[in-house]
Amino acid sequence: MIKRLYKIISQREQAANTVDDARALQLATAALLMEVASADFEISESERETVRRLVEENYGVTANEAAEIAARAEKDSRHVTSLYPFTQMIKDGCSMEDRIEIVNMLWQVTAADGAIDAHETHLVRKIADLLYVPHSEFIRTRLQHDDR
């Protein structure tokens, strides 16, 4: 009986940890998206909306949850001194395919206001390097957004 209870409790703790880990990855991604949005020293409403939409579409959360995640990420990004904690969490918790998709998401945010600024490009490159995304994938994802 005790072993069975222990197993049930253990399963519930693992499920709770999985939810916490998923939310942490969502917040880390949203924080990077907001960092890129603010790289040109202002965050436009179109960039905010793009971040909310990307979080909702890519993480299967509701519109309200996506708005909360984006708002928290924007608030937290004002106090960021290093990208490393976010990129390390993503690098450790995501596949290469997922990391490439995050770089693609970063480019979508940079293009949201109609212009890709040099500061934004530099920051996306830096993040791609920290995520260990190959340079060829960085370029490929960039080219997808040059025509917009």
Side-chain angles (χ1 to χ4, degrees), residues 9-148:
I9 291 169
S10 179
Q11 288 173 342
R12 286 185 182 168
E13 287 176 356
Q14 287 176 349
N17 287 340
T18 300
V19 170
D20 290 344
D21 290 347
R23 184 53 56 118
L25 282 171
Q26 293 164 0
L27 285 168
T29 302
L32 293 178
L33 295 173
M34 283 299 183
E35 280 296 307
V36 168
S38 66
D40 60 358
F41 306 106
E42 65 178 270
I43 301 175
S44 69
E45 192 52 41
S46 61
E47 289 171 323
R48 283 186 184 95
E49 180 54 37
T50 299
V51 171
R52 287 189 294 266
R53 179 182 53 78
L54 289 169
V55 169
E56 182 179 355
E57 289 174 359
N58 288 283
Y59 293 111
V61 297
T62 66
N64 287 339
E65 289 173 318
E68 288 173 18
I69 291 167
R72 181 171 170 194
E74 183 175 355
K75 181 181 171 196
D76 292 349
S77 73
R78 293 183 187 128
H79 307 289
V80 169
T81 57
S82 174
L83 299 172
Y84 183 77
F86 303 121
T87 57
Q88 186 67 33
M89 181 183 302
I90 292 168
K91 188 174 72 63
D92 292 344
C94 296
S95 68
M96 178 59 71
E97 184 178 286
D98 292 338
R99 290 181 276 154
I100 291 168
E101 182 54 33
I102 289 170
V103 172
N104 187 43
M105 291 165 63
L106 294 169
W107 285 122
Q108 289 179 58
V109 172
T110 64
D113 62 1
I116 298 177
D117 181 86
H119 295 288
E120 293 170 329
T121 300
H122 173 75
L123 187 55
V124 174
R125 178 69 195 144
K126 183 177 181 176
I127 292 169
D129 284 344
L130 290 169
L131 293 176
Y132 291 84
V133 170
H135 186 70
S136 60
E137 292 297 331
F138 165 79
I139 296 297
R140 185 184 62 75
T141 55
R142 165 66 194 253
L143 292 174
Q144 292 175 353
H145 301 282
D146 274 346
D147 295 337
R148 294 176 185 175

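Below, each value reflects all heavy atoms present in this structure, side chains not excepted, and no hydrogens, waters or symmetry copies. Every value quoted in this text rests on a predicted model; they were computed, and no experiment measured them.
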Q. Charged N to carboxylate O under 4.0 angstrom, Arg53 versus Glu57?
A. yes
(Q) Any heavy-atom pair between the side chains of Leu33 and Thr50 that's under 4.5 Å? (A) no
Q) Can you name the nearest heavy-atom pair linking Ala66 to Arg52, along with the distance? A) CB-O, 3.5 Å
Q) Hey, does Glu68 have a side-chain heavy atom less than 4.5 Å from the side chain of Val61? A) no
Q | Ile127 side, atom CD1; Phe86 side, atom CZ - distance, nearest 0.5 Å | A | 10.0 Å
Q | Leu123/Leu106 under side-chain contact (heavy atoms from CB on, under 4.5 Å): CA gap, chis, key distance, verdict | A | CA-CA 9 Å; Leu123 187 55; Leu106 294 169; over 6 Å; no
Q: Rounded to the nearest 0.5 Å, what's the gap from OG1 on Thr141 to CD1 on Ile102? Could you check?
A: 12.0 Å
Q: Looking only at non-hydrogen atoms, find the nearest pair between Gly93 and Leu25 and report the distance.
A: O-CD1, 4.1 Å
Q) Are Glu101 and Cys94 side-chain neighbours, meaning at least one heavy-atom pair lies under 4.5 Å? A) no
(Q) Could you walk me through whether Leu32 and Ile90 satisfy the side-chain contact (heavy atoms from CB on, under 4.5 Å) test, starting with their C-alpha distance in whole Å, then the side-chain angles of each, then the deciding distance to 0.1 Å, before giving a yes or no? (A) CA-CA 10 Å; Leu32 293 178; Ile90 292 168; 3.5 Å; yes
Q: Evaluate whether atom NZ of Lys91 has more than 12 neighbouring non-hydrogen atoms of other residues, nucleotides or ligands under 6.0 angstrom away.
A: yes
Q) Got Val36 and Trp107 here, is their nearest side-chain heavy-atom distance under 4.5 Å? A) no
Q: Hey, could you give me the CD/CG distance between Gln108 and Leu54, rounded to the nearest 0.5 Å?
A: 4.5 Å
Q) Does Arg99 count as lying over the ring of Tyr132, i.e. NZ or CZ under 6.0 Å from the six-ring centre, within 45 degrees of the axis? A) no
(Q) Can you confirm whether Glu65 sits close enough to Glu56 that some side-chain heavy atom of one is under 4.5 Å from a side-chain heavy atom of the other? (A) no
Q. With a 4.5 Å limit on heavy-atom distance, are the side chains of Met105 and Thr29 in contact?
A. yes
Q: Could you give me the CA-CA distance, side-chain angles and deciding distance for Glu137 and Arg140, then say whether side-chain contact (heavy atoms from CB on, under 4.5 Å) is met?
A: CA-CA 5 Å; Glu137 292 297 331; Arg140 185 184 62 75; 2.7 Å; yes
**Q.** Spacing of CG belonging to Asp117 relative to NE2 belonging to His122, to within rounding of 0.5 Å
**A.** 11.5 Å
Q. Hey, is CD on Glu45 packed in by over 12 heavy atoms from elsewhere, all under 6.0 Å?
A. yes
Q) Do the non-hydrogen side-chain atoms of Thr121 and Thr110 ever get within less than 4.5 Å of each other? A) no
Q) What do the steps show when you test Glu47 against Glu120 for side-chain contact (heavy atoms from CB on, under 4.5 Å), and what is the final call? A) CA-CA 12 Å; Glu47 289 171 323; Glu120 293 170 329; 3.3 Å; yes
Q. Does any N or O in the side chain of Ser46 come within less than 3.5 Å of the main-chain N or O of Ala112, such that one atom is a donor and the other an acceptor?
A. yes
Q.
Please determine whether side-chain hydrogen bond (donor to acceptor under 3.5 Å, both in side chains) holds for the pair Asp92 and Gln88, giving the CA-CA distance in whole Å, both sets of side-chain angles, and the decisive distance to 0.1 Å.
A. CA-CA 6 Å; Asp92 292 344; Gln88 186 67 33; 3.0 Å; yes
